[in-house]
Amino acid sequence: MSESEMTLEAGHAAALEPSPYGIQSKKLTMWLFIISDAVTFGAILFGYSYLRAGTPGWPTPFQFSPSIVNGLVMTFVLLTSSLTMLAAVAAAKQGRKSSCLLWMSATIVLGIIFAALHLREWSHMFAEGWSLSKNPLGGPVQFGATFFSITGLHLMHVISGIIALIVIAIGYNTDWLDAGHVETTGLYWHFVDLVWMFVFPLLYLMNTAR
Amino acid sequence: MGGAAVTDTKHEPGMKEYITIWVGLLCIVGIETFLTTLHLSSHRLLAALLVLAFIEAGIALLYFMHLKYEKPSLFWSLVPAVIFVLFMMNHIWPDAYRMLNLRVPNQ
């Protein structure tokens, strides 16, 4: 065997080497994105918490009703969307295409409901005079900046997830994409849910503490 | 490309187990909300909410995101790194208090 043939064979062997994690490369890529995004959210939530602790007179504008109740409904909707996404992934793995598309559609609808509830809450706050640099209650103005930044970044992830789900559903329906793509998108969707598990207590529930 | 099933994971829970986990997560959210009605001090409430949020996140990671059913190498490559970064962040952020404690007092 010539040297060039040996090099070529070694190259093929490297290309066929199994993943050390036993998962598809797209899934590993999504995991790497998720941990980097987790650090981003960690940084802004740490920043919010320290800013709040270090600022006397931090505003606590949320009452149980309607703000916390609205947050609870949003949490229920997002958690339920994770469940429908799990059903979609399970159906995709079993090759049940129509069932997968049905569950993905349910996930998309729940995501849209979550985004709509969020935007409705924002519009009420804007009407009350809140903005990135305004505090209608008087006192520190940083509440609006941090609240809208954190919830805005999360909302952007939800909207991106909805768009990704629509694209993946179309691709899966036309056999352009496979069950692995559905599973990878599901990972992202669950991560969005996971982030909300920290945003809701820190931004909403902690607002009831004096 | 179409139709290929993903078979790179170990046996995973069925929908019954997922629904049980989903109910469990909703219960944790309920407990979090209940805690806010007890008028705890902000430090105690924060500690309790963070513990519950980490439990929720752990359950979501292990079951919803299937980390429990992947090779352990994936878990050990990802999770300790994130915890280390967040831990270090928690040591850097308090430096912001320096502004409050060491600044020149207003004349």
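In the text below, chain A, chain B and the rest are named by the order of the sequence lines, each starting its count at 1. Values in this document were obtained by computation on a predicted structure and should not be read as measured data.
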ask   = Going by the angle between their ring planes, with limits at 30° and 60°, are A:His118 and A:Trp122 parallel, tilted or perpendicular?
value = perpendicular
Geometric class of the A:Phe143/A:Trp58 ring pair [parallel <30°, tilted 30-60°, perpendicular >60°] = perpendicular
Using a cut-off of under 4.5 Å on heavy-atom pairs, state which of [options] scores highest against chain A.
{"options": "B:Ile19, B:Ile59, B:Leu86", "value": "B:Leu86"}
{"options": "B:Val85, B:Leu26, B:Leu25, B:Asn90", "value": "B:Asn90"}
{"options": "B:Leu67, B:Thr37, B:Ile21", "value": "B:Leu67"}

With a 4.5 angstrom heavy-atom cut-off, could you sort out which part of [X] is near chain B: side chain, backbone, both or neither?
{"X": "A:Ile34", "value": "side chain"}
{"X": "A:Ile35", "value": "both"}
{"X": "A:Thr174", "value": "neither"}
{"X": "A:Phe200", "value": "side chain"}

Is [X] in contact with chain A via its backbone, its side chain, both, or neither, using a 4.5 Å heavy-atom distance?
{"X": "B:Ile28", "result": "neither"}
{"X": "B:Met15", "result": "side chain"}
{"X": "B:Phe54", "result": "both"}

task = For A:Tyr188, check side chain to side chain donor-acceptor pair (under 3.5 Å) against everything at least two apart and list the hits.
result = none
request  = State which residues pass side chain to side chain donor-acceptor pair (under 3.5 Å) with A:Ser81; sequence neighbours excluded, sorted by chain then number.
outcome  = A:Trp189
message = I'd like to know whether CH2 of A:Trp196 has more than 12 heavy-atom contacts from other residues, nucleotides or ligands below 6.0 angstrom.
response = yes
message = Does atom OH (A:Tyr48) have a neighbourhood of more than 12 heavy atoms from anything else shown, all under 6.0 Å?
response = yes
Just give me the residue among [options] that pairs up with chain B most often, heavy atom to heavy atom, under 4.5 Å.
{"options": "A:Gly42, A:Gly186, A:Gly47, A:Ala38", "result": "A:Gly47"}
{"options": "A:Ala90, A:Ala43, A:Ser82", "result": "A:Ala43"}
{"options": "A:Ile68, A:Leu51, A:Leu72, A:Asp193", "result": "A:Leu72"}

If we ignore hydrogens and angles and just use 3.5 Å, is the side chain of [X] paired with the main-chain N or O of [Y] as donor and acceptor?
{"X": "A:His190", "Y": "A:Leu187", "answer": "no"}
{"X": "A:Asp37", "Y": "A:Phe33", "answer": "no"}
{"X": "A:Ser123", "Y": "A:Arg120", "answer": "yes"}

key: Lys/Arg N to Asp/Glu carboxylate O, B:Glu70 vs A:Lys27, below 4.0 Å   = yes
note = Smallest heavy-atom separation, A:Pro61 atom then A:Leu137 atom, equals CB-CD1, 3.9 Å
query = When only heavy atoms count and the cut-off is under 4.5 Å, which of residues 144-166 of chain A reach chain B?
reply = none
ask   = Going by the salt bridge (Lys or Arg N to Asp or Glu O under 4.0 Å) test, which pairs reach into residues 96-115 of chain A, not counting sequence neighbours?
value = A:Lys97-A:Asp175
